[in-house]
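Each chain gets a letter, A, B and so on, in the order its sequence line appears, and its residues count up from 1. Just so you know, these numbers come straight off a predicted model, no measurement behind them.
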Amino acid sequence: MPELPEVEVTRLSFAEGISGATIVAARLGLPLRWPLGVDPQQLQGQTVRAVRRRGKYLLIDLSEGLLLMHLGMSGSVVFAAALADAGKHDHFDLETSLGTLRLNDPRRFGAVVFASGEADPVAIKLLGRLGVEPLGDDFDALDFYLSLQQRKAPIKQVLLAGDVVVGVGNIYASEALFLAGMRPTTRANRISRPRAVRLHAAIRQVLARAVEKGGSTLRDFSNAQGESGHFQLEAMVYAREGEPCRQCASVIKSIRQGQRSTFFCPQCQKP
DNA sequence: CACGGATCCTGATGGC
DNA sequence: TGCCATCAGGATCCGT
């Protein structure tokens, strides 16, 4: 479930609870994306200072280092005083004086990596190429436009690449492009300045609204239809191939871009 | 260097 | 307690 909003909501859910804790032990399950990313012994005895986020990475500041966690496609985190024995897909436990942080990740595309700090080459390798934070003050519309001018790939794939702006995953990319009235196949360098400004606003709006709603993802929402309270998160285009556009009733189309599904309204979204 | 394709892994789903 | 193909919210590596 993790795109930026879900990672941010995850962070908020345990950051306060774990801050100040002393690490008692760490346990590894099956290998994650980088199996040698962390040695449990180097964590023991350290203190958790704070939990931050960069893109879709969780950054856990320790007294002597930095723990980077990524949820991949299927990861989720729980933090509780007492947890049951680790299950089949629990691949990392961080037992602390204030509770245990557990990463569950069936597909194991996630990662847990230790670095001495943000200047550590390991951290730079993972974080160094990331683009600007979409919800931060540094996400500037003109800079965004200028960055897009440098790229000739389809805008959908530029958004997913994460080196211009981070955190926009496959669902929110389709949704943001719909909101901006822009065809996903449009080459980034063909986007005019006014349209880039509109897309910039759409990205912020889609992600900010999702964070406000507690990170309920669009897909989770559609599975939970019938439950009240999350109507605003209903997808406009994602996973709605063949259904009528909620804005103009045209049939929603689906295409493949870079082995990922993209959804759009051919009427509302212009090349 | 930017781009596009292949790849890691398990589980859910739908057609036969 | 069928089998097989396809697809899934991410990101890296590699050839061009």
Between [atom2] on [N] and [atom1] on [X], what's the gap in Å once rounded to a whole number?
| X | N | atom1 | atom2 | value |
| --- | --- | --- | --- | --- |
| A/Arg107 | C/dT6 | CZ | C1' | 12 Å |
| A/Phe109 | C/dG9 | CZ | C1' | 12 Å |
| A/Glu3 | C/dA8 | CD | P | 13 Å |
| A/Gln259 | B/dC8 | CD | P | 13 Å |
| A/Leu71 | B/dC9 | CG | C1' | 16 Å |
| A/Glu241 | C/dA8 | CD | C1' | 15 Å |
| A/His91 | B/dC9 | NE2 | C1' | 9 Å |
| A/Arg33 | B/dT7 | CZ | P | 18 Å |

**Study point:** Nearest to side-chain heavy atoms of A/Trp34, which nucleotide of C/dG10, C/dA8, C/dT12
**Key:**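 The nucleotide sitting nearest to the side chain is C/dT12.
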Exercise for review: Identify which nucleotide among C/dC7, C/dG9, B/dC3 has an atom closest to any side-chain atom of A/Arg256, counting heavy atoms from C-beta outward.
Suggested key: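 It is C/dC7.
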Exercise for review: Determine yes or no for a side-chain-to-main-chain donor-acceptor pair under 3.5 angstrom, with A/Arg11 supplying the side chain and A/Val51 the backbone.
Suggested key: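 Between the backbone of A/Val51 and the side chain of A/Arg11 there is a qualifying donor-acceptor contact (under 3.5 Å).
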Review point. Can you tell me if A/Arg260 uses its side chain to pair, donor with acceptor, with the backbone of A/Asn170 under 3.5 Å?
Key: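 No: the side chain of A/Arg260 does not pair with the backbone of A/Asn170.
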**Study point:** Nucleotide opposite B/dC9 in a Watson-Crick or G-U pair, distances under 3.5 Å
**Key:**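 Looking at the geometry, B/dC9 pairs with no nucleotide.
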Practice item. Sort out the partner of C/dG15 for me: Watson-Crick or G-U wobble, both distances under 3.5 Å, none otherwise. Key: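 Looking at the geometry, C/dG15 pairs with B/dC3.
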Point to revise | Residue pair A/Asp163, A/Arg151: steps toward the salt bridge (charged side-chain N to carboxylate O under 4.0 Å, His left out) verdict | key: CA-CA 11 Å; A/Asp163 50 358; A/Arg151 309 290 292 269; 3.2 Å; yes
Return no unless some side-chain N or O of [X] is found under 4.0 Å from OP1 or OP2 of [N].
| X | N | value |
| --- | --- | --- |
| A/Lys125 | C/dT12 | no |
| A/Tyr238 | C/dG9 | yes |
| A/His89 | B/dG11 | yes |
| A/Lys152 | B/dG4 | no |

Point to revise | Heavy-atom donor-acceptor pair, A/Arg260 side-chain to C/dA8 base, under 3.5 Å | key: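 By the distance-only test, no, there is no pair.
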**Study point:** B/dC9 base / A/Arg108 side chain donor-acceptor hit below 3.5 Å
**Key:**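 Check fails, no donor-acceptor contact within cut-off.
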Check your understanding: Would A/Arg52 and A/Glu118 pass as an ion pair if we require N to O under 4.0 Å?
Key ->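 A salt bridge is present here (some side-chain N lies under 4.0 Å from a carboxylate O).
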Check your understanding: Do NZ/NE/NH1/NH2 and the carboxylate oxygens of A/Arg54 and A/Glu133 come within less than 4.0 Å?
Key ->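 Counted as a salt bridge, because a side-chain N and a carboxylate O are separated by less than 4.0 Å.
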Exercise for review: For A/Gly169, answer base if it contacts any base atom (sugar-phosphate contacts may also be present), sugar-phosphate if it contacts only those atoms, and nothing otherwise; contact means non-hydrogen atoms under 4.0 Å.
Suggested key: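 A/Gly169: backbone/sugar contact only, no base atoms under 4.0 Å.
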Exercise for review: Between A/Tyr57 and A/Ser261, just flag the one whose closest nucleotide in DNA chain C comes earlier from the 5' side.
Suggested key: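 Between the two, 5'-proximity favours A/Ser261.
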Review point. Expressed as a whole number of Å, how far does the P atom of C/dC3 sit from that of B/dC9?
Key: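 Per the computed distance, 23 Å lies between those P atoms.
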Exercise for review: Give the ring-plane orientation class for A/Phe144 versus A/His200, where under 30° counts as parallel, over 60° as perpendicular and anything between as tilted.
Suggested key: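 It falls in the tilted class, 30° to 60°.
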Point to revise | Pairwise 5' ranking along DNA chain B for A/Pro106 and A/Gln157, keeping only the more 5' one | key: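 Checking each residue's closest nucleotide, the 5'-ward one belongs to A/Gln157.
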